Amino acid sequence: MIRKIYSLLLKHYGKQNWWPGNRFEIVISAILTQNTRWENVEKSLENMRRKGIDSFKKILELDDGALKELIRPSGFYNQKAERLKILSEYMESQGGLEKLFSKNKHKLRKELLALKGIGPETADSILLYAGDKLIFPIDAYTKRFWKRFFGEEKTYHELQEIFHKELPRDLEAYKEMHALIVELCKNHCKKRPLCDSCPLSEHCKKITD
DNA sequence: CTCCAGGGGGCCA
DNA sequence: TGGCCCCATGGA
């Protein structure tokens, strides 16, 4: 069923091509986008580019006030500035992204989760989109989608196991499916589902709370 | 004006 | 990953 949904969503919305940028930007935007609209994250990324902040080393060289100012559009800038610093120190201690992502993915995931400000979704997004690891991130949209579609609430781990078991073992499928579910929910899985025009309407249970 | 976004930490029971 | 509150900007 997951594969069927994937193919329906792909046909309806097309390829999303999330996070086509470089690994550095993917990693920092994983923090910046926490509970924040992507358009606001782009403003912050543009601020960083304009100042030539293109490495974790340069983030560490910024004083806290300057960093907060650059990322202000993404909201929660006090805590996100602190979290970017912590993440940058970790990244610098690892000797570069190549070495980092050559580690065992489960070991790396544990290390990321141990950092303040990195929870399951942020860690898994970094591993999938920056590290090209076959790990499927579960976000609020995915939980909402599952509840609408199958009528049951599942935990992060339960949902992740389901997608890992049923999705094609294919990086593009993982990356696209996560983005496609977000696109679907932005349009159709809100509090009041708009089942009629939903591309999955024929398969949806039409849960209305 | 209100609502909420591509979460996570801290704290509590 | 229990539940609740907090963090903050900016678009609709």
Side-chain angles (χ1 to χ4, degrees), chain A residues 6 9 13-21 23 25-48 64-88 90 106 109-131 133 135-148 150 152-165 172-194 209:
Chain A
Y6 173 49
L9 291 178
Y13 291 114
K15 280 192 66 177
Q16 301 296 301
N17 285 316
W18 262 21
W19 274 329
R23 290 179 147 180
E25 285 197 354
I26 295 172
V27 170
I28 60 172
S29 53
I31 298 273
L32 294 177
T33 196
Q34 288 172 353
N35 205 41
T36 301
R37 293 177 190 277
W38 181 251
E39 302 77 60
N40 285 9
V41 175
E42 289 198 311
K43 294 180 203 293
S44 299
L45 290 178
E46 189 50 45
N47 288 343
M48 307 268 277
D64 292 349
L67 180 56
K68 286 178 186 177
E69 201 50 42
L70 291 177
I71 67 172
R72 173 184 287 276
S74 306
F76 305 127
Y77 52 85
N78 289 310
Q79 30 181 306
K80 284 178 179 174
E82 181 194 7
R83 292 169 184 190
L84 283 179
K85 290 266 186 175
I86 293 172
L87 178 59
S88 297
Y90 170 75
H106 299 106
R109 188 176 127 104
K110 279 188 182 172
E111 291 184 7
L112 290 173
L113 285 176
L115 300 176
K116 184 175 177 181
I118 298 194
E121 191 198 334
T122 306
D124 291 341
S125 294
I126 290 173
L127 287 164
L128 175 61
Y129 289 97
K133 306 296 179 191
I135 295 185
F136 192 79
I138 306 297
D139 60 357
Y141 283 137
T142 309
K143 290 182 180 173
R144 192 186 307 170
F145 153 76
W146 196 268
K147 190 181 175 195
R148 300 284 175 217
F150 296 105
E152 50 188 7
E153 302 207 29
K154 297 246 178 232
T155 65
Y156 192 101
H157 187 62
E158 287 171 337
L159 278 178
Q160 190 168 51
E161 282 200 324
I162 292 171
F163 281 89
H164 281 180
K165 195 186 307 178
E172 181 168 303
Y174 275 51
K175 292 182 179 181
E176 287 300 321
M177 184 60 159
H178 177 60
L180 285 167
I181 289 175
V182 171
E183 190 57 29
L184 171 75
C185 288
K186 279 182 177 172
N187 297 299
H188 299 291
C189 287
K190 305 189 175 181
K191 288 178 181 174
R192 290 288 169 269
L194 308 171
D209 287 334

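Since this is a predicted model, take the numbers as computed values, not measurements. Here is how names work: the chains are called A, B, and so on, in the same order as the sequence lines, proteins then strands, and each is numbered from 1.
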Using salt bridge (charged side-chain N to carboxylate O under 4.0 Å, His left out) as the criterion, list what pairs up with A:E121, not counting sequence neighbours.
none
Over 12 non-hydrogen atoms of neighbours within 6.0 angstrom of NE2 in A:H164
yes
Residue pairs fulfilling salt bridge (Lys or Arg N to Asp or Glu O under 4.0 Å) with at least one residue in residues 26-35 of chain A, sequence neighbours excluded:
none
Just need the stems in DNA chain B: three or more back-to-back Watson-Crick or G-U pairs, each with both distances under 3.5 angstrom, sorted by first number.
B:2-5 with C:9-12, B:7-12 with C:2-7
Check side chain to side chain contact (heavy atoms under 4.5 Å, CB included) between A:Q79 and all other residues, then give those that pass, not counting sequence neighbours.
A:F76, A:R83
Between B:dG6 and C:dC6, how far is it from one P atom to the other, in whole Å?
23 Å
Value in whole Å for how far the C1' atom of B:dG6 lies from CG of A:L180:
13 Å
Contact boundaries on DNA chain C for chain A, cut-off under 4.0 Å to non-hydrogen atoms
C:dT1 to C:dG11
Who passes salt bridge (charged side-chain N to carboxylate O under 4.0 Å, His left out) against A:R72, sequence neighbours left out?
A:E69
Please give, in whole Å, the distance from B:dG6 C1' to A:I28 CD1?
15 Å
Please work out which of the three classes, parallel, tilted or perpendicular, describes the rings of A:Y129 and A:H178, given edges at 30° and 60°.
tilted
Over how many whole Å does the gap from A:L128 atom CG to B:dG6 atom P extend?
17 Å
Taking ring-ring contact (aromatic ring centres under 6.0 Å, His included) as the test, write out the residues that go with A:H106, two or more places apart.
none
Rounded to whole angstroms, how far apart are CZ on A:F136 and C1' on B:dG6?
12 Å
Along nucleotides 7-13 of chain B, 5' to 3', which nucleotides get a B, which get an S, and which get a -, given that the test is a protein heavy-atom distance under 4.0 Å?
BSSS---
A:K43: partners by salt bridge (charged side-chain N to carboxylate O under 4.0 Å, His left out), with sequence neighbours left out:
none
Taking atom P in both C:dT1 and B:dG8, what distance in whole Å separates the two?
11 Å
Checking all strands, does A:K80 fall into the base, sugar-phosphate, or nothing category for heavy-atom contacts under 4.0 angstrom?
nothing
Not counting sequence neighbours, which residues clear side-chain hydrogen bond (donor to acceptor under 3.5 Å, both in side chains) with A:N78? List them please.
A:K68
Are A:R144 and B:dA5 close enough that a side-chain N or O sits under 4.0 Å from OP1 or OP2?
yes
Only counting residues at least two apart or in another chain, list the ones meeting ring-ring contact (aromatic ring centres under 6.0 Å, His included) with A:Y141.
none
Report the residues that fulfil salt bridge (charged side-chain N to carboxylate O under 4.0 Å, His left out) with A:K154, sequence neighbours left out, ordered by chain and then residue number.
A:E152
Between B:dG6 (P) and A:K43 (NZ): distance, integer Å
14 Å
